[in-house]
Q: 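Below you will find the structure I want to go over with you.
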Amino acid sequence: MFSLFLQDIWKVLLYSLILGAGLPVVYALGVRASALGTVGPDGVETAALRRRHVLGKTAAGVCFAVVLAGIGLGLAYIWASGHGDQLSFEHGYPTFVPKS
């Protein structure tokens with residue numbers, strides 16, 4: 001009985017780290033990346049002198065897309081389990097299939 005518990009607890013720990021802490025960390029990295037910019041010639045950072053880098057905008061967009069995809073997959077999993085289906089990644093993208 002205890003070995004069965006140990007076999008499944010690592011899955012719960014992994015999923016909680018990825019979804020519980022991983023998505024907020026990726027979101028925070030996206031917010032930080034969107035703030036990347038340049039400062040004025042005297043080192044003073046003002047709103048008028050601040051320009052965002054294209055790399056920062058791109059990295060922020062990728063981070064936000066990853067977070068939205070994670071949220072979408074979570075909602076799809078909840079929806080599928082509530083309607084008697086399951087998510088299948090057989091073709092490389094998530095599809096709803098009836099539980100067998």
Side-chain angles (χ1 to χ4, degrees):
M1 175 96 165
F2 188 68
S3 64
L4 180 63
F5 171 75
L6 291 178
Q7 288 176 355
D8 291 335
I9 194 68
W10 72 269
K11 294 178 186 177
V12 173
L13 179 64
L14 179 68
Y15 293 143
S16 66
L17 285 175
I18 291 172
L19 299 175
L23 288 180
V25 167
V26 172
Y27 179 78
L29 289 174
V31 170
R32 178 65 182 115
S34 69
L36 291 177
T38 59
V39 295
D42 55 355
V44 177
E45 188 175 351
T46 62
L49 295 175
R50 188 169 184 93
R51 257 189 28 229
R52 286 198 257 162
H53 288 292
V54 174
L55 180 62
K57 289 181 192 177
T58 305
V62 168
C63 289
F64 295 148
V66 167
V67 170
L68 287 175
I71 292 170
L73 278 175
L75 290 174
Y77 179 78
I78 291 170
W79 184 87
S81 64
H83 288 278
D85 293 337
Q86 65 183 10
L87 280 179
S88 171
F89 292 90
E90 186 175 319
H91 303 291
Y93 53 88
T95 56
F96 298 111
V97 295
K99 286 185 180 178
S100 47

Q: For the pair Thr95 (side chain) and Ser88 (backbone), establish whether a donor and an acceptor sit closer than 3.5 Å, ignoring hydrogens and angles.
A: yes

Q: Could you list the donor-acceptor pairs under 3.5 angstrom formed between side-chain atoms of residues 60-81 and any protein atom two or more places apart in sequence or on another chain?
A:
{"from": "Trp79", "atom 1": "NE1", "to": "His83", "atom 2": "NE2", "distance (Å)": "3.0"}
{"from": "Ser81", "atom 1": "OG", "to": "Tyr77", "atom 2": "O", "distance (Å)": "3.2"}
{"from": "Ser81", "atom 1": "OG", "to": "Ile78", "atom 2": "O", "distance (Å)": "3.0"}

Q: Checking one residue: Leu29. Which other hydrophobic residues are in its cluster under the side-chain 4.5 Å linking rule?
A: Val25

Q: Please answer: with hydrophobic residues joined when any side-chain heavy atoms are less than 4.5 Å apart, are Tyr93 and Leu87 in the same cluster?
A: no

